[in-house]
Amino acid sequence: HRRADGGLQDASLRLSRVEFGGRTLVCGVWRDITSERSRELRIQRLNRSYALLSGINEAVVRLREPQALFGELCRIAVEVGGFRLAWVGSLDAAASQIAPVTWWGQHDGFLARLRLPTSGDHAGPVPMAYLRQQPQVVPDVAHEPTLQHWHEALSAMGLHSLAVFPIVAPGGRWHCLAVYSGATDHFDDEQVALLARLARDIEFALQFIAAEQARDEAQRFREQLIESVAGLFYALDRQGRLLLWNRRFEEVTGRSVMELAGTRVADFFDDEDGRHADAALRRVLEEGEAQIEAPLRVADGSNRPHLFV
């Protein structure tokens, strides 16, 4: 129902038949339910936001590649969160502009061409999210001056409000999540807080992915370094048990990875030489270095002299 001031009112109308003075009349009861309806919509939106948060946290556990995580974020935001459009953008620091890298929902192709400069007198919500490093909300796209050139296109796609949330990856790489709703005034304080929490969860996930990739790279480097040693290479714990070794060690001793794991290096020598190996290990722990020349028991059962340092 449109009120006298031009605003819309949600109303409940109950009609009933009554008999009065020998005539049949219709009695109507009009009740304003605008506030009640607003509360219901607010609860529905919050429930969708919580479902979105849950879906993203599940994706974080499964996905170990940032681009795949961004894509899933956009899909879940639309299919679970109920938004009409969601996209993730990244900053090109050299060009001083932000461009979408993945998206989901209704966009009429404009996202593939979208380039948003981070400087200028009339920066829109996305550049402002970068410049201020905090969420930006546009309650009504049609009344947002910085989106003047996009009013017609966004309205045609049914995109009437939007919010932008910064996502800062390790190394300072800057991204953002932009979500669009088909209703004006969609983003209240509680929903903005939930979506900001979602952006922080993505930041933590990116930190974990980066740390995991760094560990993998370090492991590959160690393996390459170890395998580059022409002779035998191994590392021991304080009890003289093998922790790390190269393939050449497996070939010479004739033992598999499972057989070598946790084996004491002294076990590869005869009794007397084994005691010398243990003594050399103690000197390394106390003095920093030691060496021993002794016959090593190899794959064919024979003993071959080796210098261990």
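Keep in mind that what you see is a predicted model, and the values were worked out from it rather than measured.
- Hydrophobic cluster membership is shared by W103 and L91, with clusters built from Ile, Leu, Val, Met, Phe, Trp and Tyr side chains linked at under 4.5 angstrom.
- E144 CD to L154 CG: the interatomic distance, rounded to the nearest 0.5 Å, is 11.0 Å.
- Here salt bridge (charged side-chain N to carboxylate O under 4.0 Å, His left out) pairs that include residues 195-211, with residues two or more places apart or in two chains, number zero.
- Distance alone, capped at 3.5 Å, places no donor-acceptor pair between the D92 side chain and the S96 backbone.
- No side-chain heavy atom of H160 sits under 4.5 Å from any side-chain heavy atom of S181.
- How far CD1 of I76 is from CD1 of I56: 4.0 Å, rounded to the nearest 0.5 Å.
- Of all non-hydrogen atoms in A129 and P166, the two that sit nearest each other are O-CG, 3.7 Å.
- Counting heavy atoms from C-beta outward, P139 and S161 have side chains that stay 4.5 Å or more apart.
- A ring-centre distance under 6.0 Å is found for W150 and F110.
- Side chains of V88 and F165 form no contact here, defined as non-hydrogen atoms less than 4.5 Å apart.
- M128 and V137 fall into different hydrophobic clusters, where Ile, Leu, Val, Met, Phe, Trp and Tyr residues are linked whenever their side-chain heavy atoms come under 4.5 Å apart, directly or through other members.
- In terms of heavy-atom proximity, P170 sits nearest to A210 at CG-CB, 3.7 Å.
- The cluster map of Ile, Leu, Val, Met, Phe, Trp and Tyr, joined by side-chain heavy atoms under 4.5 Å apart, puts L114 and I167 in different clusters.
- With hydrogens and angles left out, the side-chain atoms of S90 and H175 include a donor and acceptor closer than 3.5 Å.
- Residue pairs meeting the salt bridge (charged side-chain N to carboxylate O under 4.0 Å, His left out) criterion with at least one partner in residues 66-90, sequence neighbours excluded, are R62-E72, E72-R75, R75-E79.
- Within the 4.5 Å cutoff, side-chain heavy atoms of Q133 are placed close to those of W174.
- Of the inter-residue distances, the one linking L162 atom CG with L85 atom CG reads 9.5 Å to the nearest 0.5 angstrom.
- Looking at P125 and L147, their side chains come closer than 4.5 Å, going by heavy atoms from C-beta outward.
- Partners of E19 according to the side-chain hydrogen bond (donor to acceptor under 3.5 Å, both in side chains) rule, which considers only residues two or more places apart in sequence or in another chain, are T24.
- In this structure, the ring of Y180 has its center no less than 6.0 angstrom from the ring center of F187.
- Residues P117 and P127 share a closest heavy-atom pair of O-CG, 3.4 Å.
- By the 6.0 Å contact criterion, CH2 on W104 is open, its count of non-hydrogen atoms from other residues, nucleotides or ligands being 12 or less.
- Counting heavy atoms from C-beta on, the side chains of I202 and L73 come closer than 4.5 Å.
- Of the possible polar contacts, one joining the E259 side chain to the S256 backbone as a donor-acceptor pair under 3.5 Å is found.
- Under 4.0 Å is where a charged nitrogen must lie from a carboxylate oxygen, and between R247 and E250 no such pair does.
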*Under the side-chain contact (heavy atoms from CB on, under 4.5 Å) criterion, do V164 and L177 qualify, and how do the steps go?*
CA-CA 6 Å; V164 185; L177 167 66; over 6 Å; no
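- The shortest side-chain heavy-atom distance between V141 and H151 falls under the 4.5 Å cut-off.
- To the nearest 0.5 Å, the span separating OH on Y130 from SG on C176 amounts to 12.0 Å.
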*Checking side-chain contact (heavy atoms from CB on, under 4.5 Å) for the pair F204/I209: CA distance, chi angles, key distance, verdict?*
CA-CA 9 Å; F204 292 141; I209 290 172; over 6 Å; no
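- Residues V168 and F70 are members of separate hydrophobic clusters, defined by side-chain heavy-atom contacts under 4.5 angstrom among Ile, Leu, Val, Met, Phe, Trp and Tyr.
- Aromatic pair W245/F233: centroids not less than 6.0 angstrom apart.
- Atom CG of D189 and atom CG of L194 lie 11.5 Å apart (nearest 0.5 Å).
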*T118 vs L116, side-chain contact (heavy atoms from CB on, under 4.5 Å): CA-CA, chis, key distance, verdict*: CA-CA 6 Å; T118 57; L116 300 169; over 6 Å; no
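- Here the closest heavy-atom approach between residue R264 and residue R241 is recorded as CG-CG, 3.8 Å.
- Rounded to the nearest 0.5 angstrom, L260 CG and L242 CG are separated by 6.0 Å.
- H186 places no side-chain N or O within donor-acceptor distance of the main-chain N or O of D140, the cut-off being under 3.5 Å.
- Note on V179: it does not cluster hydrophobically with I98, by side-chain heavy-atom contacts below 4.5 Å among ILVMFWY residues.
- Counting only distance, with no hydrogens or angles, the side chain of E65 and the backbone of Q67 share a donor-acceptor pair below 3.5 Å.
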